[in-house]
Amino acid sequence: MKTFAAVDLGASSGRVMVGRVGAGSLELTEAHRFPNRPVRVPEGLRWDVLSLYGGVLDGLRAAGAGCGGRLDSVGIDSWAVDYGLLDADDALLGNPVHYRDARTEGVAEKVWATVPAAELYAATGLQYAPFNTLYQLAAARSSAQLAQARRLLLIPDLLTYWLTGEPGTELTNASTTQLIDPRTRDWAYDVAARLGIDLELFAPLRQPGDPAGLLRQRVLEETGLTGPVPVTTVGSHDTASAVAAVPATGERFAYICTGTWSLAGLELDAPVLTEASRAANFTNELGLDGTVRYLRNIMGLWLLQECVREWGEPDLGELLRAAGEVPALRSVVDAGDAAFLAPGRMPERIAGACRESGQPVPETPAEITRCILDSLALAHRRAVAEAQALADHPVDVVHVVGGGTRNALLCQLTADACGLPVVAGPAEAAALGNVLVQARAQGLVGDRAAMRGLLARTQPLERYEPRGDTAAWRAAEARLTTR
């Protein structure tokens, strides 16, 4: 067996997982977990990337301690779109801006004045999201930091650079910038030129499985690892790694990667760049082996996480049990509404949305939780159904991976809403996809089908069958679409 460290950074926490892969075997354990706490400073919301890097080093130290100081490879994945800027001396120019920062408000309309939204979609295939890297760069156009910058590195590429000293831009994450052409899997040069974005800021593109260098000597000394330790490029957008870890047995499946966000869609061989796809706000992000992740971003468990924080961190199991006793579909909100993007006062904002739409107003934590879960299941239903229609790609099963697999109520409601079986698991899909790409680079695993077969044989999965017909869900959907 070989041992791999998967650095998996989410919007609220980071972790270093240890994967052991052998002939027909796959084991995953947690070496270290650490918080990811954004900081609000006078100029806006920022990531504490130095703390994150410290957590990565601590995690590698813990991972090495459990395997005699020897690792066969390290890979890093994280959330998308955000970046750090380096100056001519390769020093970081301030903490990276958080995608929930307000600096991109109203920027999209200015971009569209130069490259209309329809042209932008036809060229890049990316859904509109106010925080896409393209809009962040447009917002930063006149900033002193961008003027001084000589290199732009997306978050996982920045941490990889600090570990190895070798810069690169991983493709699956680059595809979230709205600066990649999903047909050529290269930069959208015309879009960048028209918007005055200097693509020379980006390091050369890398593919999942490509080498990303060796851990620096100083990193080896700090972590106690025995060198050389290679760093392998993985699907560094955590969703790309999570989709790689969907334990599907065929091609007729949809996936929902659940966590702070829900990413619901299909794995395709080619992008869908139609006007209907743009109007439905579907995105074409890149995956492993020439695939396209055709999906919609849904606000996800962020809604519940923010409420739980406002309520003083009550017992989640008890809250979900109480929510299960609340009548179904009493009130629903649009889980994709940008009105829920910013942090703060989430219970009040959800109640207000229900009041404004003439629905019963949820008041207790259990009622608000049920409203959130019903709304997420309804959003999952809409995304899965529309993706099938737009891509002409029917499915027989929905795979739910990520943290939401631990929420049995949400999984059952998703099966009920979609009218399709839901297979839930694995929970640590991003870390497992990260590990498997590293293992594949060393010849331990075969193609994607072999990776998925190994996952299906070794990981605990739960199946949820749909209950009843979908009439009530169709009615709730009509409530949202007719307002």
Side-chain angles (χ1 to χ4, degrees), residues 26 239-259 261-270 272 280 282-283 285 287-289 291-298 300-301 335 373-374 376-430 432-433 436 447-474 477:
L26 171 61
T239 307
S241 281
V243 171
V246 169
T249 56
E251 297 181 356
R252 291 171 60 97
F253 70 92
Y255 56 79
I256 305 172
C257 302
T258 57
W261 292 87
S262 279
L263 298 310
L266 309 171
E267 185 176 74
L268 302 177
D269 294 327
V272 180
F282 273 81
T283 200
E285 298 172 358
L288 265 63
D289 304 340
T291 59
V292 172
R293 292 174 286 127
Y294 184 61
L295 59 87
R296 175 183 285 158
N297 282 340
I298 300 163
L301 287 168
L373 297 182
D374 282 345
L376 285 178
L378 187 61
H380 295 164
R381 165 191 162 83
R382 295 172 67 186
V384 169
E386 291 180 28
Q388 293 179 77
L390 290 164
D392 190 21
H393 186 97
V395 306
D396 302 319
V397 63
V398 177
H399 282 270
V400 175
V401 298
T405 61
R406 301 185 179 100
N407 189 323
L409 179 55
L410 177 59
C411 292
Q412 183 61 62
L413 292 174
T414 297
D416 297 343
C418 293
L420 291 167
V422 162
V423 175
E428 296 289 355
L432 284 164
L436 286 172
D447 59 12
R448 287 196 330 284
M451 290 167 58
R452 287 171 169 159
L454 180 60
L455 286 158
R457 293 192 301 274
T458 60
Q459 303 305 304
L461 306 175
E462 189 75 28
R463 188 179 177 94
Y464 298 84
E465 296 292 341
R467 302 172 299 188
D469 64 30
T470 57
W473 295 95
R474 292 197 301 272
E477 191 170 32

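Treat the numbers as computed from the prediction; the structure is a model and nothing was measured.
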Quick check for you: to the nearest 0.5 Å, what is the distance between [X] atom [atom1] and [Y] atom [atom2]?
| X | Y | atom1 | atom2 | answer |
| --- | --- | --- | --- | --- |
| L455 | T249 | CG | OG1 | 12.5 Å |
| R382 | R296 | CZ | CZ | 6.5 Å |
| Y464 | L409 | OH | CG | 9.5 Å |
| L413 | L376 | CG | CG | 9.5 Å |

Subject >> Verdict with reasoning, L263 to N297, per side-chain contact (heavy atoms from CB on, under 4.5 Å) >> reply: CA-CA 5 Å; L263 298 310; N297 282 340; 2.4 Å; yes
Is a side-chain N or O of [X] found less than 3.5 angstrom from the main chain of [Y], in a donor-acceptor match?
| X | Y | answer |
| --- | --- | --- |
| R452 | V246 | yes |
| R467 | Q412 | no |
| T414 | L410 | yes |
| H393 | E251 | yes |
| T291 | D269 | no |
| R457 | G453 | yes |
| Y255 | L266 | yes |
| Q459 | G425 | no |

**OP:** May I have the step-by-step check of side-chain contact (heavy atoms from CB on, under 4.5 Å) for V398 and H380, ending in yes or no?
**Re:** CA-CA 10 Å; V398 177; H380 295 164; over 6 Å; no
Over all atoms of both residues, closest heavy-atom pair of [X] and [Y]:
| X | Y | answer |
| --- | --- | --- |
| L432 | A245 | CB-CB, 4.2 Å |
| V292 | A270 | CG2-C, 3.8 Å |
| A335 | A379 | CB-CB, 4.0 Å |
| L390 | A280 | CD1-CB, 3.7 Å |
| F282 | A264 | CE2-O, 4.3 Å |
| A242 | C257 | CB-SG, 3.9 Å |

Subject >> Validation row: C418, P466 side chains within 4.5 angstrom (heavy atoms) >> reply: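 Heavy-atom side-chain distance check fails, nothing below 4.5 Å.
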Original post:
Can you tell if the side chain of P426 reaches within under 4.5 Å of the side chain of V401, non-hydrogen atoms only?
Top reply: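 P426 reaches V401 side chain to side chain.
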Original post:
Under 30°, 30 to 60°, or over 60°: which ring-plane class applies to H399 and F253, parallel, tilted or perpendicular?
Top reply: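 The arrangement is perpendicular - the two ring planes meet at more than 60°.
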**OP:** Please step through side-chain contact (heavy atoms from CB on, under 4.5 Å) for the pair Q388 and R252, ending with a clear verdict.
**Re:** CA-CA 10 Å; Q388 293 179 77; R252 291 171 60 97; over 6 Å; no
**OP:** Evaluate side-chain contact (heavy atoms from CB on, under 4.5 Å) for I256 paired with I298, printing each intermediate quantity in order.
**Re:** CA-CA 10 Å; I256 305 172; I298 300 163; over 6 Å; no
